[in-house]
> 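I'd like to ask some things about the structure below.
Atoms within a ligand are numbered from 1 in the order they appear, just like the ligands themselves. We number each residue from 1, following the sequence as shown.
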Amino acid sequence: MKAWIVSDIGAPQEVIAPGEREQPVPGPGEALLKVGAAGLGLPDVLMCRGKYAMSPPLPFVPGQEVAGEVVAVGENCSYAVGERVMGVTAFYHGHGSFAEYCIAPDFSLYPIPHGMDDNRAAGFTIPYHTAWVGLVERGALAEGEVLLVHGAAGGSGAAAIHLGKALGATVIATASSADKLAYAAAQGADHCINYADADFVAAVNEITAGRGADVVYDPVGGATYERSLECIASGGRLLAIGYASGRWGVADGRTLVARNASAIGVYVGAYGHEQMQGCHAALVELCAAGRLDPAPETVIGFDELGEYLERLAGRRALGKVVMAL
Ligand SMILES: NC(=O)c1ccc[n+]([C@@H]2O[C@H](COP(=O)([O-])OP(=O)(O)OC[C@H]3O[C@@H](n4cnc5c(N)ncnc54)[C@H](OP(=O)(O)O)[C@@H]3O)[C@@H](O)[C@H]2O)c1
């Protein structure tokens, strides 16, 4: 089968190349999928760089997110050949979705809802499940509250804007350029701050008349995370989603106490499949009601993958990018 194969550790375009690889065989509880579309995310870049905790040994095929058709199953797999499914691959075994076929464990898969195309389904599971667990389960975002989304033009950030608006929040988006902010505004953000040329803390405090944001959704980490405590409301929740900046932030205990604020970790992988079924069903309902549309911003062909991973690495991608096969 054709596949993008990572054969060394380094910058994506230097270490990943298209090639031929044997079609993998599903083990117990696993399905072999014919890939319809694959979602790109920063973790794929981090795996190329050898900076992701669940990186498989070299050489490997990356690609965490997939939508496709079940073409073979291992023992006790709960899906049947012919079913259309979406979810997270066995990338940690090197059988990711940047290929014609990939492996996925059944506990990471969900049936593709009627009417959802592969491109939408491929970029759905990780960003929207994370947004749901972050905003609803962990962050308890209420209608009318103020949600601050960092990295708002990235894949995780855009999903948080969509869900935040669907839940009735006022959304403040931050990003590093004018085109990213135009994109965040088009996704529904009510206020946009360019943190490359304005202090986002001062801007959030001004927008909220000094009250601050009730919930902060932070896939960026580092100083962005730490400084967010300077513009969080009393009783606010600071959600640690990711570390796109290269390091996790550290929440200052004194400020947390002064504001009765909470620093909360968000990791979808630690939620059980049964719990996630409920989250998934609620998200699918929002899509069916037309309150959420997971359309990716960019759909690329197989040959363009290396270039787009490099764009993600260089902060040059907008929203979700999906590779269609
Ligand atoms: N907790 C979970 O369950 C979970 C789930 C999904 C993803 N994540 C994590 O969330 C993070 C973001 O993932 P993603 O797929 O949303 O990434 P993405 O689409 O690339 O978006 C990340 C955003 O972070 C900002 N950023 C700041 N410094 C950066 C840097 N040095 N390099 C790249 N981007 C930088 C960029 O926006 P600006 O240019 O506007 O600053 C970029 O748009 C990753 O750390 C990922 O592992 C966690």
> How close does the nearest protein non-hydrogen atom get to atom 30 (C) of ligand 1, and which residue and atom is it?
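For this ligand atom, the closest protein heavy atom is Ala244 O, 3.0 Å.
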
> What residue and atom, counting heavy atoms only, is the protein's closest point to atom 48 (C) of ligand 1, and at what distance?
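Result: Ile241 O, 3.0 Å.
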
> Counting from 1, what ligand 1 atoms have a heavy atom of Ala175 closer than 4.0 Å?
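So the atoms of ligand 1 that pass are 40 (O).
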
> Do we see a donor-acceptor contact under 3.5 Å between the side chains of Thr224 and His150?
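Short answer, no.
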
> Check whether any side-chain heavy atom of Leu135 lies under 4.5 Å from a side-chain heavy atom of Leu167, and answer yes or no.
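The answer is yes; the side chains approach within 4.5 Å.
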
> Looking only at heavy atoms of Pro43, does any of them come nearer than 4.0 Å to an atom of ligand 1?
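The answer is yes: ligand 1 sits under 4.0 Å from a heavy atom of Pro43.
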
> Glu230 vs Arg259, test: salt bridge (charged side-chain N to carboxylate O under 4.0 Å, His left out). Steps then yes/no.
CA-CA 9 Å; Glu230 297 170 37; Arg259 298 189 181 226; over 6 Å; no

> Val220 heavy atoms, cut-off 4.0 Å: which ligand 1 atoms fall inside?
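Taking each heavy atom of Val220 in turn, ligand 1 has 24 (O), 25 (C), 27 (C) under 4.0 Å.
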
> Test of understanding: given a 4.0 Å heavy-atom threshold, classify the contact between Ser176 and ligand 1 as side chain, backbone, both, or neither.
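Both parts.
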
> Considering only non-hydrogen protein atoms, determine which one is nearest to atom 36 (C) of ligand 1 and report residue, atom name and distance to 0.1 Å.
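Minimum-distance protein heavy atom for atom 36 (C) of ligand 1 reads Lys180 NZ, 4.0 Å.
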
> Looking at Tyr267, which atoms of ligand 1 are within less than 4.0 Å of one of its heavy atoms?
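Reading through ligand 1 atom by atom, the close ones are 3 (O).
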
> Does any part of the side chain of Val250, heavy atoms only, come nearer than 4.5 Å to the side chain of Glu226, both counted from C-beta?
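Heavy-atom side-chain distance check passes, below 4.5 Å.
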
> Go through the steps to decide whether Glu307 and Arg316 satisfy the test salt bridge (charged side-chain N to carboxylate O under 4.0 Å, His left out), and finish with yes or no.
CA-CA 11 Å; Glu307 180 197 332; Arg316 287 179 287 113; over 6 Å; no

> Would you call Glu100 and Arg21 a salt bridge, using N to O less than 4.0 angstrom?
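Arg21 and Glu100: not salt-bridged.
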
> Determine the interplanar angle of the His129 and Tyr110 rings, folded into 0 to 90°, and report it as parallel if under 30°, tilted if 30 to 60°, perpendicular if over 60°.
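Plane angle over 60°, so perpendicular.
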
> Quick one: does Ser245 get a heavy atom under 4.0 Å from ligand 1?
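Yes, Ser245 has a heavy atom closer than 4.0 Å to ligand 1.
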
> Nearest to atom 17 (O) of ligand 1, what protein heavy atom do you find, and at what distance?
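The protein heavy atom lying closest is Leu42 CB, 3.4 Å.
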
> Hey, is ligand 1 close enough to Ser156 that some N/O pair sits below 3.5 Å?
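Yes: some nitrogen or oxygen of Ser156 is under 3.5 Å from one in ligand 1.
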
> Going by the closest heavy atom to atom 21 (O) of ligand 1, which one wins out of Gly134, Pro127, Gly154?
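Looking at heavy atoms only, Gly154 sits closest to atom 21 (O) of ligand 1.
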
> Write out the residue and atom name of the closest protein heavy atom to atom 23 (C) of ligand 1, then the distance separating them to 0.1 Å.
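Atom 23 (C) of ligand 1 sits closest to the protein heavy atom Gly151 CA, 4.1 Å.
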
> Run the numbers for me: atoms of ligand 1, each under 4.0 Å from some heavy atom of Gly242, listed by number.
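Listed by number with element: 9 (C), 10 (O), 11 (C), 45 (O).
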
> Any atoms of ligand 1 less than 4.0 Å from a non-hydrogen atom of Tyr195? List them with their elements.
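So the atoms of ligand 1 that pass are 38 (P), 40 (O), 41 (O).
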
> Tell me if a side-chain donor or acceptor on Lys165 pairs with a main-chain N or O of Ala169 at a distance below 3.5 Å.
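Yes, Lys165 side chain to Ala169 backbone: donor-acceptor pair under 3.5 Å.
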
> Looking only at protein heavy atoms, which one is nearest to atom 1 (N) of ligand 1, and how far off is it?
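Nearest protein contact, heavy atoms only, for atom 1 (N) of ligand 1 is Val266 O, 2.6 Å.
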
> Can you tell me the protein heavy atom closest to atom 45 (O) of ligand 1 and the distance?
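So the nearest neighbour among protein heavy atoms is Tyr243 N, 3.0 Å.
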
> Counting each atom of ligand 1 from 1 as listed, which ones have a heavy atom of Thr130 under 4.0 Å away?
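By the 4.0 Å cutoff, the relevant atoms are 2 (C), 3 (O), 4 (C), 5 (C), 6 (C).
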
> Hey, which atoms in ligand 1 end up nearer than 4.0 Å to a heavy atom of Leu312?
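Per the distance check, 19 (O), 20 (O).
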
> Hey, is CD on Glu285 packed in by over 12 heavy atoms from elsewhere, all under 6.0 Å?
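Open: at most 12 neighbouring heavy atoms sit under 6.0 Å from CD of Glu285.
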
> Quick check: do Ile16 and Ile5 have side-chain heavy atoms less than 4.5 Å from each other?
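Result no, sub-4.5 Å side-chain heavy-atom pair not found.
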
> Please verify the inter-ring angle class for Trp248 with Tyr243; under 30° counts as parallel, over 60° as perpendicular, anything in between as tilted.
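Correct class here is tilted.
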
> Just go through Ala313, Pro219, Gly155, Gly314 and tell me whose heavy atom is the nearest to atom 18 (P) of ligand 1.
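It is Gly155 whose heavy atom sits nearest to atom 18 (P) of ligand 1.
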
> In terms of atom number and element, which parts of ligand 1 are under 4.0 angstrom from non-hydrogen atoms of Ile126?
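By the 4.0 Å cutoff, the relevant atoms are 5 (C), 6 (C).
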
> Between Arg311 and Glu304, is there a side-chain N and carboxylate O pair less than 4.0 Å apart?
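No salt bridge links Arg311 with Glu304.
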
> With no hydrogens and no angle check, just 3.5 Å: does a side-chain donor-acceptor pair link Ser78 and Asp106?
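The answer is yes; a qualifying pair exists.
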
> I need the nearest protein heavy-atom contact for atom 3 (O) of ligand 1: residue, atom name and distance, please.
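For this ligand atom, the closest protein heavy atom is Val268 N, 3.4 Å.
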
> Using heavy-atom distances, let me know which of Arg315, Lys320, Arg138, His150 sits nearest atom 35 (C) of ligand 1.
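Nearest heavy atom to atom 35 (C) of ligand 1 lies in Arg315.
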
> Classify the angle between the aromatic ring planes of His95 and His93 as parallel (below 30°), tilted (30 to 60°) or perpendicular (above 60°).
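Ring orientation of His95 relative to His93: perpendicular.
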
